[in-house]
Amino acid sequence: MHVPDGFFDAPTSIATGVVAVAAIGVSLRGARRELDDRTAPMAGLVAAFVFAAQMLNFPVGAGTSGHLMGGAVAAVLVGPWTAVLATSVVFVVQTLMFADGGITAMGTNITVMGVTTVAVGYGVFRLLQALLPKRVALVPVLAGIGAFVSVPVASLLFVALYAVGGAAPVPLDTLTTAMVGVHSLIGVGEGLITFLAVAGIIAVRPDLVRGARPVLVARTLEIRTETAGASA
Amino acid sequence: MSARTAQGVSTRAVVVGALLVSLLLAGVVSFYAASTPDGLTKVSQEQGFAETETEHGAAEGPFAGYDAGFLDGDRLSGGVAGIAGVLVVLVLGTALAYGVRRHSDASNDAGTDAGAPRDQTQV
């Protein structure tokens, strides 16, 4: 869903640029709490994986394709603040090195495909995690569901931005239907890739998956409760 | 970093393994990716606003369009571009992560010369 140059007017591009810079600034502070000597190696790795996966366009119907956005998988693996930084690195490199996504649209792409999929994907993931049984095996499933939801929501944000600052007049109802329709299908791929990636790391090192930590903690407490009796 | 856990797989092994997967995806599997327009491009064509797209400022770069244009052959030029991208993103992402990470025990002994804000909890 890389937005090229020319789709949005200057004020909208500047506004999303400001949002992106602010999100990165806040994330630089937030990521301090997520990154330590043990987890820092994972951050660059997650960015590299998201970049690689974004090269893999998969078909989603006649004459159309889509690819991973990556916010949800990054957030579950390394935490939401670090995920904003990791996906932003991906979009900046894609724009400047590969001419994928417009230079004036960099803020739009970071905001729509990075920040939004991180926020929605991680938000849905944590909400489900709070509601459902605390099982490690559920972490990849919930990550996949969060990822699935994040893509059509990102496409809705695109429509909203287009309503404000799109370069050409387009009927909003048909634009909404078209964008959410195709991106719901792309979201299925997003969910599957996210599930596989998170399940792969969980299988060998669940402690390296940040989104699994609350579940791992709960499991530890459970064991202590059984041996030491009830604890306040 | 080299500490092994109960699971027996070191962090380094996980990082190296996942990096190899990423290089394989970008360098080889990407050749088989769908070449049809992506969701937004398709919608912009159908809704009639595709033509507002303007020329990309970096369109003449050596890797523009995920294609190492200085190399012959689609498979080679695409694969090299993908691998170059993975490595660039890896280096930048890792440098950023190490730049913002909080330092573990070692920094307490060596003093906080990196300017890490200390908690006010030392009583």
Side-chain angles (χ1 to χ4, degrees), chain A residues 1-7 28 31-33 35-38 40-49 51-53 55-60 63-67 82 85-86 89-90 93 95-100 102-103 158 166-168 170 174-175 178-179 182-183 186 201 204-205 207-208, chain B residues 1 5 7 9 11-15 17-19 21-23 25-26 29-30 33-40 42-44 46-49 51-59 61 63-66 81-82 84-98 100-104:
Chain A
M1 199 165 83
H2 289 72
V3 177
D5 288 315
F7 272 18
L28 281 169
R32 292 187 65 85
R33 295 193 297 273
L35 291 167
D36 54 30
D37 291 341
R38 193 169 59 103
M42 290 293 290
L45 180 72
V46 163
F49 172 77
F51 173 86
M55 288 186 74
L56 308 179
N57 277 58
F58 47 84
V60 288
T64 317
S65 67
H67 62 69
T82 307
L85 300 182
V89 167
V90 171
V93 170
T95 302
L96 298 181
M97 185 170 169
F98 298 96
D100 189 13
I103 292 177
F158 173 89
V170 171
T174 56
L175 179 63
M179 283 298 284
V182 68
H183 286 95
I186 294 171
I201 304 288
V204 290
R205 283 287 299 277
D207 61 306
L208 285 181
Chain B
M1 172 122 167
T5 65
Q7 286 84 4
V9 181
T11 303
R12 181 171 302 184
V14 173
V15 169
L19 179 60
V21 169
S22 300
L23 288 170
L25 293 178
V29 181
S30 63
S35 55
T36 47
D38 88 340
L40 174 61
K42 183 76 171 175
V43 168
S44 71
E46 288 174 352
Q47 304 289 316
F49 63 94
E51 64 270 18
T52 62
E53 178 175 347
T54 54
E55 170 82 11
H56 196 289
F63 292 101
Y66 301 93
V86 166
L87 295 179
V88 168
V89 168
L90 178 76
V91 167
L92 292 178
T94 303
L96 188 58
Y98 275 93
V100 301
R101 83 189 190 282
R102 62 174 188 267
H103 296 268
S104 352

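Bear in mind the structure is a predicted one, so any value in this text is a computation, not a measurement. The sequence lines fix the lettering, A, B, ..., with proteins before strands; numbering per chain opens at 1.
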On a heavy-atom basis, which atom in [X] and which in [Y] lie closest, and how many Å separate them?
X: A:Arg32; Y: A:Leu28; result: CG-O, 3.6 Å
X: A:Phe98; Y: B:Phe63; result: CD2-O, 3.2 Å
X: A:Asn57; Y: A:Ser65; result: ND2-OG, 3.0 Å
X: A:Leu96; Y: B:Ala58; result: O-CB, 3.6 Å
X: B:Gly85; Y: A:Met97; result: N-CE, 4.2 Å

Report the option among [options] that has the most heavy-atom pairs separated by less than 4.5 Å from atoms of chain B.
options: A:Ala31, A:Pro59, A:Ala48; answer: A:Ala48
options: A:Ala86, A:Ala43, A:Pro4; answer: A:Pro4
options: A:Thr64, A:Val3, A:Leu175; answer: A:Thr64
options: A:Thr174, A:Ile201, A:Val93; answer: A:Thr174

Report which part of [X] has an atom under 4.5 Å of a heavy atom belonging to chain B: side chain, backbone, both, or neither.
X: A:Phe7; result: both
X: A:Leu208; result: side chain
X: A:Thr82; result: neither
X: A:Val60; result: neither
X: A:Ala178; result: both
X: A:Val46; result: neither
X: A:Leu56; result: both

Among [options], which residue forms the greatest number of heavy-atom pairs with chain A at distances under 4.5 Å?
options: B:Leu90, B:Leu87, B:Val21, B:Val88; result: B:Leu90
options: B:Gly82, B:Pro37, B:Ser35, B:Ala26; result: B:Pro37
options: B:Thr36, B:Leu25, B:Leu92, B:Val14; result: B:Thr36
options: B:Ala81, B:Gly17, B:Ala34; result: B:Ala34
options: B:Ala18, B:Ala13, B:Ser22; result: B:Ser22

[X] versus chain A, heavy atoms under 4.5 Å apart: side chain, backbone, both or neither?
X: B:Leu19; value: both
X: B:Ser44; value: side chain
X: B:Val43; value: side chain
X: B:Ala84; value: both
X: B:Glu55; value: backbone

message: Are the side chains of A:Met179 and B:Gln47 in contact, using a 4.5 Å heavy-atom criterion?
response: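 Side-chain contact under 4.5 Å: no.
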task: Taking the side chain as every heavy atom from C-beta outward, state whether A:Ile186 and A:Met1 have any atom pair closer than 4.5 Å.
output: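 When only atoms from C-beta onward are counted, A:Met1 and A:Ile186 do not touch, as no gap falls below 4.5 Å.
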For the [atom1] atom of [X] and the [atom2] atom of [Y], what is their distance to the nearest 0.5 Å?
X: B:Arg101; Y: A:Asp37; atom1: CZ; atom2: CG; result: 4.5 Å
X: A:Asp100; Y: B:His56; atom1: CG; atom2: NE2; result: 7.5 Å
X: B:Thr52; Y: A:Asp5; atom1: OG1; atom2: CG; result: 10.5 Å

side-chain hydrogen bond (donor to acceptor under 3.5 Å, both in side chains) partners for B:Thr94, two or more places apart: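 Once residues adjacent in sequence are excluded, B:Thr94 has no partner under the side-chain hydrogen bond (donor to acceptor under 3.5 Å, both in side chains) criterion.
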message: Run the side-chain contact (heavy atoms from CB on, under 4.5 Å) test on A:Val182 and B:Asp38 for me, step by step, so that the C-alpha distance in whole Å, both residues' side-chain angles and the decisive distance to 0.1 Å come before the verdict.
response: CA-CA 9 Å; A:Val182 68; B:Asp38 88 340; over 6 Å; no
message: Please verify the inter-ring angle class for A:His67 with A:His2; under 30° counts as parallel, over 60° as perpendicular, anything in between as tilted.
response: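 The arrangement is tilted - the two ring planes meet at 30° to 60°.
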